[in-house]
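Here the structure is laid out as structure tokens; the discussion comes afterwards.
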Amino acid sequence: MAEAAGSWRIDTDPDPAACAVVLAAAFAREPAVSWICDGSAPRRTHWFRAVLRAHAGLAGARRSALVDAEGRLIAAAVLTPPGARPDLWARALWTARTGLRCGPRALGRTLRHLAVTDGGAPAGAWTLEFIGVRPESAGRGAGRLLLDHVLASTPSGLHLTTADPANVSLYRHFGFTVSRVTPLGPLSVTSMTRAGA
């Protein structure tokens, strides 16, 4: 792990499309994205592209990535600043892209997911929208290195949601606490917060 970590670097302004590819691979078996996209790999990739295009237009939004020695992204994280919301035009574009490329079912399920997850962040907290590692790089410390960077560079506190029960104990290890659990179709969505430094 130390050898690989020594050749990795943090990129604080990675291309949104490259992040979408990494996250689509990383979230292949994540319950919420699998439910939204019906387990379809092409739909999942289109979904992440639409989401990250909308995200890239938010004032103050941040993306971070872990890059290997050859310049390939192996992990990506997406953060939204406190109170940030896409404007009407960005929401319309996202809706059109998601509906056309992923289908009305994926669009409807995304809207249902947003209805139970939006607005749960404490005042002043950033939202960790996504963090994921390419499957072929998992288990080598890439996720931890990127999460450590995110935590160190976001002193005002963080909020996240997860539908993967295994993630709850992982995030607890990093100082997050459960604020609520919300049922959504076949999912149980856990909201978690971490106080700022």
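Scanning all heavy atoms of the two residues, the minimum distance from Leu187 to Ala32 falls at CD1-CA, 3.7 Å. The two residues Ile74 and Ala142 make their nearest non-hydrogen contact at CD1-CB, 4.3 Å. Closest heavy-atom contact between Thr80 and Glu129: OG1-OE2, 2.7 Å. The two residues Ala166 and Ser169 come nearest to each other via the heavy atoms O-OG, 3.3 Å. Nearest approach of Pro16 to Ala56, heavy atoms of both residues: CG-CB, 3.9 Å. Taking all atoms of both residues into account, the shortest heavy-atom contact from Pro14 to Cys19 is CG-SG, 3.5 Å.
Between atom CG of residue Leu66 and atom CG of residue Leu145 there is a gap of 5.0 Å, rounded to the nearest 0.5 Å. Taking CG of Leu128 as the reference point, atom NE2 of His159 lies at 10.0 Å (rounded to 0.5 Å). Note that CZ of Arg101 and CZ of Arg49 are 7.5 Å apart. Values are rounded to the nearest 0.5 Å.
Contacts of Arg63 classified as salt bridge (charged side-chain N to carboxylate O under 4.0 Å, His left out), with partners at least two apart in sequence or in another chain: Asp13. Considering only residues two or more places apart in sequence or on other chains, Arg62 meets the side chain to side chain contact (heavy atoms under 4.5 Å, CB included) condition with Leu79, Trp126, Ser153, Thr154. Qualifying side chain to side chain contact (heavy atoms under 4.5 Å, CB included) partners for Thr95, counting only residues two or more places apart in sequence or in other chains: Leu107.
Counting heavy-atom neighbours within 6.0 Å of Arg53 CZ, excluding the residue itself, gives a total of 12 or less.
Partner Leu158 forms a side-chain contact (heavy atoms from CB on, under 4.5 Å) with one of Leu147, Thr193, Leu151 and no other, that one being Leu151. For the side-chain contact (heavy atoms from CB on, under 4.5 Å) criterion with Trp47, the lone passing option out of Cys37, Ser40, Pro42 is Cys37.
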Starting from the C-alpha separation in whole Å, work towards a yes-or-no answer on side chain to side chain contact (heavy atoms under 4.5 Å, CB included) for Leu52 and Leu23. CA-CA 10 Å; Leu52 266 66; Leu23 292 169; 4.2 Å; yes
Given side chain to side chain contact (heavy atoms under 4.5 Å, CB included), test His46 with Thr98 step by step and report yes or no. CA-CA 7 Å; His46 291 307; Thr98 304; over 6 Å; no
I'd like to know whether Phe48 forms a side chain to side chain contact (heavy atoms under 4.5 Å, CB included) with Val33, so could you lay out the CA-CA distance, the side-chain angles of the two residues, the decisive distance to 0.1 Å, and finally the verdict. CA-CA 9 Å; Phe48 270 107; Val33 175; 4.0 Å; yes
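Pairs of residues two or more places apart, or lying in two chains, that qualify as side chain to side chain donor-acceptor pair (under 3.5 Å) and include a residue from residues 18-38 are Asp38-Arg109.
Panel note: side chain Arg44, backbone Ala24; a donor-acceptor pair is recorded below 3.5 Å. The backbone N or O of Phe174 sits less than 3.5 Å from a side-chain atom of Arg194, completing a donor-acceptor pair.
Counting heavy atoms from C-beta outward, His149 and Thr12 have side chains that approach closer than 4.5 Å. Looking at Pro86 and Leu58, their side chains come closer than 4.5 Å, going by heavy atoms from C-beta outward. Counting heavy atoms from C-beta outward, Phe27 and Asp164 have side chains that stay 4.5 Å or more apart. No side-chain heavy atom of Tyr171 sits under 4.5 Å from any side-chain heavy atom of Val178. Under the 4.5 Å side-chain criterion, counting only non-hydrogen atoms from C-beta, His55 is not in contact with Phe130.
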Side chains of residues 113-121: which donor-acceptor partners sit under 3.5 Å, not counting sequence neighbours?
unit_1: Thr117; atom_1: OG1; unit_2: His113; atom_2: O; d: 2.9
unit_1: Asp118; atom_1: OD2; unit_2: Arg85; atom_2: NH1; d: 3.3

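Under the 4.5 angstrom side-chain criterion for Ile, Leu, Val, Met, Phe, Trp and Tyr, the cluster partners of Leu73 are Val22, Val67.
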